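Have a look at the structure below, then the notes.
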Amino acid sequence: MNKNFYVTTPIFYPTGVPHIGTAYNVFIADTLARYYRQKLGKENTFFLTGTDEHGANIAKAAEAQGKTPQEYVDEYAAKYQEVWQGVNLSHDYFIRTTDPRHEKFAQELIQKSFDNGDIYEGSYEGLYCESCEAYYTEADLVDGKCPNHPTKTPVFTKEKNYYFKLSKYQDFLLNLYAERPDFVQPAKWAAYVRGLVEAGLQDIPVTRANVKWGVPVPFDPEQTIYVWYDALPNYLSTLTFPEFQGYEEKFWPVANHVVGKDIIKFHAILWPAMLKSAGYEVPQHVLVHGFFTINGQKIGKSNNNAIDPRDLAAKYGNDVVRYALLSEFQVGNDGDFNIDRLKVKYEELANSWGNLLARVVHLANNKEVEISNTANVEPEFLTKLEDLAAKYTQHIEVKELFEALQTVGQITEWANKYIDEQKPWEKDKSPEDVALALNNLSVLLAKVNELYAPFLPESAAKATEALQKREKIILFPKIEDEAK
Ligand code: ME8
């Protein structure tokens with residue numbers, strides 16, 4: 001077992017502000033970080049997020065607003081940080097690729113591959129999508145448009161640039177996937193990536209002659225480093241910053257990159273090849289998640305559904321927003337989401353966890369019995385609880401967050417059934433039976449609080465305190481519908 005855990009989100013393009021779709025990614029990473037802080041300790045866990053601030057797209061967005069690129073990224077990186085703070089994100093650091101220490105690292109990395117002959121001069125002619133900052137072939141296009149940007153037509157571009165010998169790493173990558181079948185998680189995405197690499201890899205241009213807003217190529221300062229070749233190294237550059245002394249040894253290569261399916265190729269193919277070429281080990285896992293739509297519509301300004309996660313959190317609480325998304329579909333799958341589902345999820349938590357807590361505390365006080373004594377739990381009850389907790393652990397450690405939440409749901413369902421059967425409130429129950437039932441339930445509840453903590457940190461902290469102090473609280477108070 002690893003002693004340390006490192007989790008990253010993609011570094012987001014600071015064009016606009018984060019929305020609920022972007023937030024889904026960071027909620028996954030945050031949940032994992034919180035789980036491992038509980039398990040391995042705060043000092044052995046590192047959670048990184050940040051912004052990807054170079055490239056033609058950023059320069060264009062800045063120009064459109066009459067700002068310099070630096071002014072623009074300063075403003076939008078601050079907005080990202082505000083939103084993440086607003087939703088109680090527990091990241092340990094926010095990396096910005098315009099940090100000179102990162103820029104220097106990105107230069108050193110590309111220089112290493114140049115020195116060992118993996119980067120050569122060439123010229124490129126092809127179709128380029130400025131929104132993706134990526135080249136495409138005719139076959140990649142959908143109705144003549146970019147496969148990721150249905151309104152953008154990739155433009156024919158010709159320029160001198162330097163290529164990275166990605167094709168050289170085909171066998172290395174196939175061996176990596178064979179030796180570590182869970183390098184990419186979940187399995188269906190591992191199979192997808194393997195298929196792509198088996199079909200063959202082409203060398204890719206990794207510098208740009210025409211993009212000025214970028215990191216200068218150290219061996220040809222007329223050129224800048226391709227934005228992805230500058231962005232991916234953020235995961236490693238941060239660990240070399242002076243304030244993180246010893247982190248590179250501690251957190252590399254135990255990295256877990258959480259990425260959306262749109263950027264899987266960069267993380268599962270290009271990044272390991274870049275690292276191998278520069279003499280680094282590859283990360284531990286790439287966790288791929290799907291995309292969700294809202295009421296069947298793609299999230300975006302044009303659909304007017306790019307909801308700020310803080311707006312939902314203001315009404316339902318940070319915890320329920322993340323719970324609602326993480327409990328709605330499996331990590332690798334696509335899904336749909338809407339406010340009605342969020343309300344259903346809120347009720348679900350109120351009726352299961354909230355209700356259980358209220359009943360146990362109320363009855364324990366009413367009947368004046370001792371609770372939370374692990375030594376006095378019925379053995380079969382304890383075994384069942386431990387089995388379910390072990391199932392949760394198995395799921396979360398392979399990042400099956402949906403399944404882990406379902407397991408906690410099974411525990412609360414069982415407990416609510418148990419309390420209904422035991423009826424500890426009835427007058428004819430013996431004090432011993434009442435004490436046993438409430439003791440069983442309070443120990444179970446403490447476990448539920450612990451298991452929910454990575455997912456619903458604020459509520460779990462409240463529930464834990466209430467149980468310890470035997471204070472009757474309403475964990476999920478009724479929310480008035482403004483329509484009524
Ligand atoms: O790609 N559902 O940045 P980006 C789920 N800078 N996830 C969604 C989503 C949705 N509807 N919409 C967005 C970049 N996402 C690069 C990354 S990393 C070295 C560089 C998430 O701002 C999803 O995780 O375009 C996707 O991968 C990410 O936002 C894209 O962020």
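Order of listing sets the numbers, starting from 1, for every ligand and every atom in it. Quick caveat: nothing in here was measured; it's all calculated off a predicted structure.
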When you measure from the heavy atoms of Lys298 to every atom of ligand 1, does any distance fall below 4.0 Å? no

Give yes or no for whether the N/O distance cutoff of 3.5 Å, strictly under, is met between Phe292 and ligand 1. yes

Side chain, backbone, both or neither: which part of Thr9 has a heavy atom under 4.0 Å from ligand 1? neither

Go through ligand 1 atom by atom and flag the ones less than 4.0 Å from a non-hydrogen atom of Pro10. 17 (C), 18 (S)

Evaluation steps, ring-ring contact (aromatic ring centres under 6.0 Å, His included), between Tyr93 and Phe244: CA-CA 10 Å; Tyr93 192 69; Phe244 297 131; 5.2 Å; yes

Those atoms of ligand 1 less than 4.0 Å from some heavy atom in Asn25: 24 (O)

Does His19 come within less than 4.0 angstrom of ligand 1, counting non-hydrogen atoms of the residue? yes

Of all protein heavy atoms, the one nearest atom 4 (P) of ligand 1 is Tyr13 CD1, 3.7 Å

Would you call Trp271 a ligand 1 contact, heavy-atom distance under 4.0 Å? no

Taking the basic N atoms (NZ, or NE/NH1/NH2) and the acidic carboxylate oxygens, is any pair closer than 4.0 Å for Asp118 and Lys112? no

Could you list which atoms of ligand 1 come closer than 4.0 Å to a heavy atom of Asp52? 6 (N), 16 (C), 20 (C)

Asn234 versus ligand 1: do any nitrogen or oxygen atoms come within less than 3.5 Å of each other? no

Would you please determine whether Gly290 falls within less than 4.0 Å of ligand 1 on a heavy-atom basis? yes

Salt-bridge present (Lys39, Glu397; N to O < 4.0 Å): yes

Closest non-hydrogen protein atom to atom 16 (C) of ligand 1, residue and atom name please, with distance? Ile11 O, 3.4 Å

One finds that the ligand 1 atoms under 4.0 Å from a non-hydrogen atom of Tyr235 are 18 (S), 19 (C)

Determine whether Lys345 and Asp319 satisfy the following criterion, salt bridge (Lys or Arg N to Asp or Glu O under 4.0 Å), listing intermediate values before the conclusion. CA-CA 11 Å; Lys345 297 287 176 178; Asp319 282 2; over 6 Å; no

Ligand-side contact atoms (ligand 1) for residue partner His267, heavy atom cut-off under 4.0 Å: 18 (S), 19 (C)

Inter-residue atom distance Leu287.CG - Leu401.CG, 0.5 Å rounding: 7.5 Å

Here's one to test your reading of the geometry: is the NZ or CZ of Lys343 within 45 degrees of the ring axis of Tyr346 and under 6.0 Å from its centre? no

Is there a side-chain contact between Asp308 and Val83 (heavy atoms, below 4.5 Å)? yes

N or O pair under 3.5 Å between Gly260 and ligand 1: yes

Can you tell me how the ring of Tyr162 sits relative to the ring of Phe114, calling it parallel under 30°, perpendicular over 60° and tilted otherwise? perpendicular

Decide ring-ring contact (aromatic ring centres under 6.0 Å, His included) for Tyr36 and Tyr6; before the verdict, give the C-alpha distance in whole Å, the side-chain angles of both, and the deciding distance to 0.1 Å. CA-CA 9 Å; Tyr36 281 98; Tyr6 175 29; over 10 Å; no

Under a 4.0 angstrom heavy-atom cut-off, which atoms of ligand 1 come close to Ile263? 1 (O), 27 (O)

Protein heavy atom at shortest distance from atom 30 (C) of ligand 1: Asp262 OD2, 4.0 Å

Report all side-chain donor-acceptor pairs from residues 181-194 shorter than 3.5 Å, counting only partners two or more places apart or in another chain.
residue, atom, partner, partner atom, Å
Gln185, OE1, Lys399, NZ, 2.7
Lys188, NZ, Asn333, OD1, 3.0
Trp189, NE1, Gly332, O, 3.0

What part of His289 sits under 4.0 Å from ligand 1 if we count only heavy atoms: the side chain, the backbone, both or neither? side chain

Heavy-atom contacts with Trp228 under 4.0 Å: which atoms of ligand 1 show up? List them by number with element. 16 (C), 17 (C), 18 (S), 19 (C), 20 (C)

Show your reasoning for whether salt bridge (Lys or Arg N to Asp or Glu O under 4.0 Å) applies to Lys152 and Glu130. CA-CA 9 Å; Lys152 300 270 160 66; Glu130 285 189 344; over 6 Å; no

Checking a contact table here: which protein heavy atom is nearest atom 15 (N) of ligand 1, and how many Å away? Gly21 O, 3.7 Å

Would you say that Tyr135 contacts Cys129 through its side chain, given a criterion of any heavy-atom pair below 4.5 Å between the two side chains? no

Around atom 10 (C) of ligand 1, find the nearest protein heavy atom and jot down its residue, atom name and distance. Phe291 CD2, 3.5 Å

Protein contact of atom 29 (O) of ligand 1 - nearest heavy atom, named by residue and atom, plus distance: Phe12 CE2, 3.6 Å

What I want to find out is whether Glu243 reaches Arg101 closely enough, with some N-O distance under 4.0 Å, to be called a salt bridge. yes

